[in-house]
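Naming convention: chains lettered A, B, ... in sequence-line order (proteins, then strands); numbering from 1 in each chain. Only heavy atoms go into these numbers, but all of them, side chains included; no hydrogens, no water, no symmetry mates.
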Amino acid sequence: MLVFRYLWIALYAGREVFAGVTIEQTITYITMSMVINPLFPNSLIPEVNARIRSGNVLFDIARPMHYSNLLFFQTVGKSLARFFTSSLPLFIFICLTMKTALPTSVLIWSAFLISLILSFFIAFLIDFIASLSGFWITEIGGIRFLKWSMTDVLSGAYIPLWIFPPAFKKVVLILPFRAIHYTPLSILVGKIDVHQIPSEFGFQLIWIAILFSLSSLFYASVVKKLAVQGG
Amino acid sequence: MIITNGKGYPVIVVKDCYFEGSSKNMIKVDNLSKYFKVSQPGKGISDKVKNLFIPQYKVIKAVDDISFHIKKGEIIGYLGPNGAGKSTTIKLLTGVLFPTAGSIKVNGITPYKNRKENAYQVGVVYGQRSQLWWDLPLIDSFEILEAMYKIPESQYKDNLEFLIDLMQMQDFLNQPVRKLSLGQRMRGDIVASLLHDPPILYLDEPTIGMDVVSKNKMLQFIKDLNHQKGTTVILTTHNLSDVEKICPRIIIIDKGKIILDDSQAEILNRFGKQRLLIVEFENEVKDINLSKGKIVKKEENKLWIQFNRDHISSYDLITSLRKHRSVKEISIQEENIESIVTKIYERGIEKY
């Protein structure tokens, strides 16, 4: 985290403001990104793949609950554990040692938290859809790498989206990935104006609906083709 | 003179009473088929690269047009050599696999269409897999299942108490599953599959790798469960003595087709006509002439005689032997399900 912090200080090269955003906002964005990063699911692809390869997925899909729900609650459990072991200590460390541009308004904080919960759903659904490809192809290394690089760049986890070139930014802003990191963090650092918050929620909700329908369709088609490995 | 069946047991065996199936069909399978496409990459680099663009497939008929009906409360021994299609049938019955053709009804539900509803009414145990959570204590896995299957608290407690008692597993309830022995884990898996009181239980090689004592306990448990709750059971196994002990009806599948579906008694009656008579005389036997029966082995004053039950009764055979010589001991070996099924596996049903 400190590496990223100093990297960004160096990138600003003494300037106070870049692309309409102050250095403090950017630093806060980057450090808080590290805080919320452990909360998002990103290991479903190898996990689901392991179940498929061992054949034990036959238990999962014959349960009286949908496979996506089963995975969802497993993921929530893991994220809660990581909240207490990673996010919270890191957040306390930041508050104690660094000068940040964290807001004091309760409104902003609650908007951030709501948006964060919505991003969790989006991150989960993207990960779930990607993991379903394991039903088609047994070797998932490529898919995993593709998914990780795409979310890392396009979600704005490491690079705030406002520094991208305008044309590229336009595309990225309509994709669902940016709703994972960029939306809640921009709300938090004030890059997204208070008036725009409801429409940001709307953006997240629409993508949740789209991704949810996609995942259901994908799941239904994939399960029909299922061949259980090993006896 | 003692008459035994060759294993030291008396010839007259009181057969166990089984839970008589009611007339209701619990499982109806009609003209069911499941084909798999298997890629055939060919030999050599050129064929393999070609296969990337134009894949060649070979169709494997894992289950090929099978039909059977199972009544409520029956225990079925579902047998077949490796790769015959046993596990595929179980997976079709649980709804994990979609059939290529045909229909399945399990207690009125089509499993692959209504997986969720079907899950509430069946319990499944796979001997080579575990449905338990590897890192959690056994009891925690049970609690997850309680929540997942929405089992009412009182029913859960009763069932758990009943099952834990029957399976004698108080000692390792709080141990993580990864630390359990195979037999303990297997018992855990069986309990896990029965917590929601399913009227149907599928057991796919449940006794695999178990020692004799644990295995017998497991079989006794299945029998008790069937008696007390009327659970319909399908048991697949390679251990034919398991089937002999608890399954009144046997279905044999080979190369995806059902080749035999009958009661144990009927199978014994139909196929088990060969008997082996072992006679020990007081003195050494020299020349002996038998019109019906074949001497297969001879040792000083002992004879092994094979005969067909339809041609001569054992009584007549013994009487003819006693005419001239004094007989010390006699035992008769009947063919059992194990030897019959082994022959069917080896030779195929037609040659019988």
Side-chain angles (χ1 to χ4, degrees), chain A residues 43-44 46-82 85 128 132-143 215-231, chain B residues 34-39 60 62 82-88 90-100 111-134 136 141 144-145 147-151 189 192-193 196 198 202 204-205 208 236 238:
Chain A
S43 57
L44 284 182
E47 279 165 26
V48 171
N49 191 246
R51 297 293 284 180
I52 294 169
R53 288 186 84 114
S54 70
N56 281 341
V57 75
L58 65 87
F59 290 118
D60 303 333
I61 62 172
R63 293 287 189 207
M65 67 196 292
H66 201 273
Y67 191 28
S68 61
N69 297 2
L70 195 77
L71 288 173
F72 181 75
F73 289 112
Q74 276 178 20
T75 312
V76 170
K78 278 184 195 158
S79 293
L80 279 177
R82 282 190 294 225
T85 54
F128 177 60
L132 287 179
S133 61
F135 283 93
W136 270 350
I137 38 179
T138 17
E139 178 47 55
I140 39 85
I143 298 277
S215 74
S216 309
L217 285 175
F218 197 23
Y219 179 77
S221 77
V222 127
V223 156
K224 267 187 198 167
K225 294 204 179 99
L226 172 73
V228 177
Q229 315 286 327
Chain B
K34 176 72 189 177
Y35 301 163
F36 290 109
K37 275 202 286 184
V38 179
S39 171
I60 293 198
N82 285 331
K86 298 187 302 289
S87 291
T88 306
I90 299 287
K91 281 165 200 159
L92 287 161
L93 286 171
T94 55
V96 173
L97 294 180
F98 276 61
T100 311
Y112 61 95
K113 280 188 192 149
N114 298 302
R115 258 195 210 126
K116 217 167 143 178
E117 289 72 20
N118 190 52
Y120 285 112
Q121 56 168 11
V122 300
V124 200
V125 177
Y126 299 92
Q128 311 179 61
R129 307 174 188 284
S130 178
Q131 64 161 314
L132 304 165
W133 280 262
W134 197 238
L136 297 182
S141 280
I144 293 177
L145 291 169
M148 205 185 268
Y149 285 82
K150 302 189 184 86
I151 309 167
D189 258 302
S193 70
H196 57 288
Y202 304 127
D204 193 355
E205 298 181 36
I208 200 164
T236 84
H238 289 299

Between [atom1] on residue [X] and [atom2] on residue [Y], distance to nearest 0.5 Å:
X: A:F59; Y: B:T94; atom1: CZ; atom2: OG1; value: 9.5 Å
X: A:I61; Y: B:R115; atom1: CD1; atom2: CZ; value: 4.5 Å
X: B:Q131; Y: A:N56; atom1: CD; atom2: CG; value: 10.0 Å

Check: What pairs with B:H238 under ring pair (Phe, Tyr, Trp, His ring centres under 6.0 Å), at least two apart in sequence or on another chain?
Finding: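 Ring pair (Phe, Tyr, Trp, His ring centres under 6.0 Å) check on B:H238 returns nothing, list empty.
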
Checklist line | Any residue meeting ring pair (Phe, Tyr, Trp, His ring centres under 6.0 Å) with A:Y67, in chain and number order, not counting sequence neighbours | finding: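 Residues passing ring pair (Phe, Tyr, Trp, His ring centres under 6.0 Å) with A:Y67: none at all.
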
Check: Side chains of B:M148 and A:M65: closer than 4.5 Å at any heavy-atom pair?
Finding: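 Result yes, sub-4.5 Å side-chain heavy-atom pair found.
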
Checklist line | chain A contact via B:L145 - side chain, backbone, both or neither, heavy atoms under 4.5 Å | finding: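 Only the side chain of B:L145 comes within 4.5 Å of chain A.
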
Check: Short question: side chain of A:R63, backbone of B:Y149 - any donor-acceptor pair under 3.5 Å?
Finding: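 Checked: no pair found.
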
Check: If you take all heavy atoms of B:A119 and A:A62, which pair is closest and at what distance?
Finding: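 Shortest heavy-atom separation between B:A119 and A:A62 comes out as CB-O, 3.2 Å.
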
